[in-house]
Structure formats: C-alpha cells, structure tokens
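The chains referred to below are lettered A, B, ... by the order of the sequence lines, with proteins before strands, and numbering in each begins at 1.
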Amino acid sequence: MQLEEQTKALALNAAQKQAVEATEGPLLVLAGAGTGKTLVLINRIVHILQQNKASHSQILATTFTNKAANEMRIRIFNMHPYQLPWLGTFHSIASKILRINAAAANLSENFSILDADDQTKLVKIIMSDLNIDSKQFNPKIVAATIQRWKDISLGPDQVTNTDLKSEFQRVSFRVYKVYQSKLSLMDAVDFGDLLLKNIEIFRKNAAILESYQANFKYLMVDEYQDTNTAQYIWLRMLAQPRHNICCVGDDDQSIYGWRGAEVGNILRFEEDFQEAQIVKLEQNYRSTGNILKAASSLIANNNMRHGKTLWTEAKSEGKVVIKSCWNDKEEANFIANEVKLSGRVNNTTMNKNTILVRAIFQTRIIEESFINHLIPYKVIGSLKFYERQEIKDILAYIRLSVKQNDDLSFERIINKPARSIGKTSIQKIRDVANDTYISLFSAAEHILVNTNLLGNKTRNSLKAFLNLIKKWQSEFQLLNHVEMAKRIIEESGYKDMLSREETVESSTKLENLRELTKALEDFSNITEFLEHISLISDNDSRAKPEDVVNIMTLHAAKGLEFDTVFLPGWEEGLFPHPKAIDEMGQKGLEEERRLAYVGITRAKRKLYISYALSRRMYNQWNNPLPSRFLKEIPRECCLVIEGSSNSRY
DNA sequence: CGCATGACGATTTTT
DNA sequence: TCGTCATGCG
C-alpha cells in the first residue's frame, strides 16, 4: 500500500495531511481513540523511506509498546526489503545502545537485566542486611519508590532533601544507595537503569552521543503520553541537533501515571520544540456514535487535558447498555447470558467479546459464571510464561552457568531442588560475600577452600553444586544452547523433582519446560535469548487467535479494539479505585476517568456497563454506590436496565 | 536442615 | 479467602 492510499484511509483533511507528510521538523500528533495513530506514524516512516532509499538505517523509531512496534515492523517489512534494527521500545533500544557502550557505564557487554521480581528480592535482602523491618516498610513499595526516582531520572546521587519528605522515602533512599552498588557489583541493571545509563553515557561522552545523533536522523514516538521523564530527557538529547522528531499520542489515554508516565511531556514538547506542528485527529473510525458520545462526555469532566472533540461518520446503531445488578453474581450471569445470546442471534464468534475489569480479582466470579455456562474464555495477562516459577528457576540455572556473579540466580536455585543447603548456610555465604565484596559464587568457593564454616553434609552438596555449574559453564562453549537447556533441566535434578510430585501442577510445569526448550530454538545463542525475555511484554506472545472470550484488565486493553465490550464493576470503592484517589488526589481521579475513557473507546459496536449493589470483596460484603462516572454519561445515549431490585443510578 | 503448623496480612494498574 | 511467612519441632 502506498502512502497516498493510507493517508486517504485516514481521511485527514488537507492541512493534517500536509503536516503528517512533512519530513523535516518536529511534529506532534494528538489523536483520539480509533483514529489510527500508529498508522499516522507508519505513514511518516514509509514516506521517509521512500524519500531516502539509501539512508534507511538512519531512522530511529521508538514506540512505547511492543504491540505497536510489531505492527509497524510487519507493515513496513511487507512493503520494504529493509531491516529496521532501531525500531522497538524505549527499553529495547536503550538496552541495545547500552550493550554497545557497556564499558562506558562500567558494565560488561552481557550485563543482566533485573525484572520486577528480582528487584523486590534484592531490596528484601538489602533491607534485612540493613536491619530494616520489612513489615513496617513493604519491600515492594520500597522497590517501587526507587523505581519512581529512576523514572524522573534521579540516581542515588541526585536525590535531594525535597525528595525525602517522608520516613518511607528516607528508608527507601538508604536502600537505594546500597541497591545501586549491589547492582554494579552484580554487573546488572534494572529497567530504569537502561535509560539512566544511556543518559549518563551521553552526558559524559559527547562523541558517543554525537554518533547516535548523526545516525538517527529521524525520531518517532508512538504512545507518547506514556513516556516518563527519563525517556523524555533521553529523546531530547538524541533529537537535539536536528529537531526531526514526531510524536503521536493521546493525552486522554494516559493511564500510566502511577508508573511514572508524565502527561506533562506533551506540554513540554511544545516548549522545547517550538517549531512543532500540532495536528489533532478528531475523526473516529472505530466506534458508533453513542459509544463515542458516552466517551467524550465522560472525559470532558477532566480539567488537565488538551481538549478535542471527537466525531464520527458511523451510524449510532444501538445504545450503550447500563445494567444495574443486585450483586456481583448476577452481574457475571448477565454478562454470560449476553455473550451466549450474541453468539446465537448474530452468530458472532466468541473472541469478538471482551470483558474489561478494573482489578484482577473481579475476574474470578466471571470465570465461575462462564464455566457454568460453558463459555470458553481466557484471562489475558494473568499467567506470564517467563514469570512462572519453573521457567525462572531453569533460567536462573542457565544464567548462573553463563555468568557466575549473578547473585540473584544463585540465591534462587542454590537449594532448589533441595540439596540441604539451608537458610543458615546461605546466610554464611552472604556474610562472606558482603564482607569481601565478592559474588556469592566466589564466596561459596572461598568458604569451601579456606574455612570450616559449614558442616560436612552441606560442604559436600555445595561442592557438588558448584562443580555442576562450572561443568555447565565449560559445556556452554561446546554445545548449543538448546542442548544445554535440556541438560540443565535433567542434571540439576529439577526434572526428577517435578516428576516425583505427580500432581496436575507438576505436569504442566514439565510441559512448560519443554515449551521453554522449544522457544530457545528460535534464537541463535543464549545471550540473545536472555536479552529477548527481559524486554518482551507478554502481549507479544499472544499470537494465536483463539475463539474464546477475552477477560483482561483495562490497562491491558490499551491499543486493542473489540466488537462488544463489557465493563463490569462500575461502583464507588472499585472504579474509580479509592487507592488512586488516596495517593494522587484529583490527579488520580482524572487518571481513573481516563481509564474509563479507554475502556469505553475499546468498543466498536456494542458496549455494556454494569454495576452491582452488593459485592463481595476480600471476603466482605460491600454495598457500594454506583460509580460517579455513570452520571457523566448522557442518558440519551444509554439504555438503562434495572436489576431485580431498585436501582440507585 | 526440612517439614508442618499456625498466625497473620493484604489484596490496582505493569513496560 | 487465600497465600505468605515465621516459628518450632523431629
């Protein structure tokens, strides 16, 4: 497809079209749901590719989500024989740059990347070393606090007193300093570091920055409303000399503020790049009139927004159904019945329906109802392949074999399967490691050779364990990674451990391990594979379309669209979620409203919003009021169905 | 050291 | 309610 056709498909007006096609200078596109934002970006890329056939490698396209990146890759690859190595998420591109310049950041080129789980574990260990009570200070929240600092580009040296107002922040800061030094000792980085280390390298080495500035002639960003401050700084550095930057985003769809996303980046963009052309895409191609009206009226209640008026040429068709239910169970059954009905009457397939919930616990009662009604369903995002225990365990074996100073992997598997190396022994190893600033692996070796700290039984099994790792390490030089994974699963005793259990769970785990070795075949070496799994999001592995009803959180639904959307649980105390308001006040409420907006605008043709007058939460019966958001949807585009009792809406 | 038992606590969203 | 964590015993 040519650029011309694609642009037509978007039906931009003349001015918009001109701006979108402009190849030089910054461009900020604000788009409403369903206007094909990613398509706008693709158009730009295609356009540039057509104009500079020889210089394709000079284009950097970053997107926040892998979904969008993949979509682009597929469409562009189909049209062009070029490779686009610099097309990916902020994290994947930053990681690539960091590996190339690892030495400048005092890292080895195969540094490891911690995931959220690893971070929390590390924080926990540090807190116990520092004698900080993890009951009083939840390690998860400490880790999150550190992460938020990284989001706004504050390293341990840049945190100032204004960032240390609460006791919690002061404690987190103490942990942060140790955490960061532990990371460098481990030759590891976390997600935030990928960006921070880039920025640090760019600041310290003008030549390196200039080489990337020269190489990336054009920068493009999708889902711009989700960028955080660190990402913005990084972008601005790269865009500096040329100002060839194009960002696409929708401020009304910013739902990741709690993760450090900064809507203000959209406003700052206009300040930093004053020559920016701003294009508003207000025609919506996705939803029917009533759905769009509901969404627009709702979001108009927000103050912190650019403001845009969506319109559509689509007919209004049916109205938005608002259903009042006696309790959560009735709500679930209502959804199940409607799904079944639509299947029978309109002969639609199951996967055209989707249920979007605010909190993951809401899925349970819906699942129960679907099971009773024999409706096939799938909960998206709850089970993540690479986050499963057995997978992470085997990966830890692999990591440790490749890199002996991977302390987190060491801790993870030292006694799994049980080889009678218990807590006290591990603490002894930790102490030695801490005192002499060496890795746990080296500390363990040291203890075996030079001390009598451990009992005989433990000594022997520790020795066997270390030897096993060393054996695998040398075998990695000779054998390919798939074969190695198979060996490790066998020789670690992990397979036997699972086989002995003989439960349903253990056999799925074994199945997953086979799946893992299969996945390995797609990569040419183990480093590539480890890099891949640290950076992919789980959405990407959702490739096979199944004819089942999808159930997922509102957050997971961003960027997707469905014929029919159910939005259950619109109640005070659940949606807007009180915690969001507690923590962020008005800002939090507005983000909740944007979340509602995202939910509504996922629907192409039919939308159901429901609430229960009685719901069991955490084993307690609540009698919530209908959500305040319901009152913000105009009655004339709704069809209100009363429940079996008096509705309070 | 490993297992069992009981108490207790925490329940938003995740690249 | 469920799952995690600490404690205590064999």
Side-chain angles (χ1 to χ4, degrees), chain A residues 62-69 88-95 113-117 119-120 124 128 133-136 138-141 143-144 147-148 150-151 190-195 223 226-228 230-231 254-261 356-365 380-382 384 386-387 414-428 454-458 461-462 533-540 552-559 569 573-584 588 591-592 594-596 598-599 616-621:
Chain A
T62 62
T63 74
F64 194 69
T65 65
N66 272 299
K67 243 179 300 172
T89 64
F90 277 94
H91 289 301
S92 68
I93 291 170
S95 161
I113 303 170
L114 270 60
D115 64 19
D117 212 44
Q119 284 173 39
T120 315
K124 238 186 217 163
S128 96
D133 182 12
S134 60
K135 284 246 171 74
Q136 201 183 345
N138 182 337
K140 248 191 192 153
I141 303 178
Q147 215 48 47
R148 291 297 81 77
K150 293 194 173 188
D151 288 337
D190 60 21
F191 268 106
D193 280 346
L194 291 173
L195 268 301
E223 303 285 9
D226 291 331
T227 51
N228 64 34
Q231 288 164 336
S254 166
I255 53 173
Y256 285 107
W258 52 273
R259 203 174 63 190
L356 305 180
V357 296
R358 176 63 184 90
I360 200 72
F361 76 82
Q362 289 176 263
T363 60
R364 199 160 99 194
I365 192 143
I380 307 275
S382 60
K384 298 185 178 173
Y386 292 115
E387 281 172 17
I414 176 72
N415 203 28
K416 208 168 179 183
R419 38 176 82 85
S420 53
I421 304 172
K423 269 183 213 150
T424 38
S425 306
I426 294 173
Q427 191 53 49
K428 282 175 190 163
L454 301 174
N456 252 337
K457 194 176 163 203
T458 316
S461 58
L462 182 61
I533 57 164
S534 320
L535 296 171
I536 51 147
S537 74
D538 224 57
N539 287 344
D540 307 328
M552 66 186 95
T553 63
L554 286 159
H555 284 88
K558 204 165 73 109
L574 178 57
F575 193 33
H577 201 285
K579 280 216 166 162
I581 302 174
D582 284 352
E583 281 162 24
M584 308 279 282
E591 182 151 313
E592 291 290 298
R594 290 194 290 270
L595 201 48
V598 167
R616 209 171 61 181
M617 281 165 91
Y618 327 125
N619 201 31
Q620 218 169 243
W621 283 99

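Comparing the C1' positions of C:dC5 and B:dT12 gives a spacing of 23 Å, expressed to the nearest Å.
Judged by ring centres under 5.5 Å apart and planes tilted less than 30 degrees, A:Trp258 stacks against the six-membered base ring of B:dT13. Under the stacking criterion of a centre-to-centre distance below 5.5 angstrom and an interplanar angle below 30°, A:Phe191 sits stacked against the six-membered ring of B:dT15.
With hydrogens and angles left out, the side-chain atoms of A:Ser95 and A:Ser92 include no donor and acceptor closer than 3.5 Å.
With sequence neighbours left out, the side-chain contact (heavy atoms from CB on, under 4.5 Å) criterion links A:Ser420 to A:Lys457, A:Ser461. Scored by the salt bridge (Lys or Arg N to Asp or Glu O under 4.0 Å) test, A:Lys416 finds A:Asp393 as partners (sequence neighbours excluded). Not a single salt bridge (Lys or Arg N to Asp or Glu O under 4.0 Å) links A:Arg419 to another residue, sequence neighbours left out. Residues satisfying the side-chain contact (heavy atoms from CB on, under 4.5 Å) criterion with A:Thr363, sequence neighbours excluded, are A:Val357, A:Ile360, A:Glu367, A:Val379, A:Ile551. Taking A:His555 as the reference, A:Tyr256, A:Trp258 meet the ring-ring contact (aromatic ring centres under 6.0 Å, His included) condition, with sequence neighbours excluded.
Straight-line distance from the CZ atom of A:Arg616 to the P atom of C:dC2: 9 Å, rounded to whole Å. Going from atom NE2 of A:His555 over to atom P of B:dT14 covers 7 Å, rounded to whole Å. Regarding A:Glu592, its CD atom lies at a distance of 11 Å from the P atom of B:dT13, rounded to whole Å. Taking atom NZ of A:Lys140 as the reference point, atom P of B:dT11 lies 7 Å away to the nearest angstrom. Summarising the geometry, the separation between CD1 on A:Ile365 and P on C:dC2 is reported as 13 Å, rounded to the nearest angstrom. When rounded to the nearest whole Å, the span between CD1 of A:Ile581 and P of B:dT13 equals 16 Å. If you measure from atom CD of A:Glu387 to atom P of B:dT15, you get 8 Å, rounded to the nearest angstrom. A:Glu591 has its CD atom 15 Å from the P atom of B:dT12, to the nearest Å.
Side-chain to base pairing of A:Arg358 with B:dT12: one donor and one acceptor N or O lie within less than 3.5 Å of each other.
In this structure, A:Ala359 and A:Gly422 both approach DNA chain B, and ranking their closest nucleotides by distance from the 5' end singles out A:Gly422. A residue-by-residue look at A:Gln119 and A:His577 shows that A:His577 has its nearest nucleotide of DNA chain B further toward the 5' end.
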What pairs of nitrogen or oxygen atoms, one from the protein and one from nucleotides 4-10 of chain C, lie under 3.5 Å apart?
unit_1: C:dC5; atom_1: OP1; unit_2: A:Lys124; atom_2: NZ; d: 3.2

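If you check B:dT14, B:dT12, B:dG2 against the side chain of A:Thr553, the one that comes closest is B:dT14. The nucleotide whose nearest atom lies closest to any side-chain atom of A:Asn415 is, among B:dT12, B:dT13, B:dG2, B:dG2. In this structure, the nucleotide among B:dT13, B:dG2, B:dT15 sitting nearest to the side chain of A:Ser420 is B:dG2. Closest to the side chain of A:Asn138, from the set B:dT13, C:dC2, B:dT11, is B:dT11. Among the nucleotides B:dT14, B:dT13, B:dT12, the one closest to the side chain of A:Arg259 is B:dT14.
Remark: the backbone N or O of A:Gly257 is paired with a side-chain donor or acceptor of A:Glu591 at under 3.5 angstrom.
For A:Asp151 and A:Arg259, the salt-bridge test fails: no basic side-chain N is under 4.0 Å from an acidic carboxylate O.
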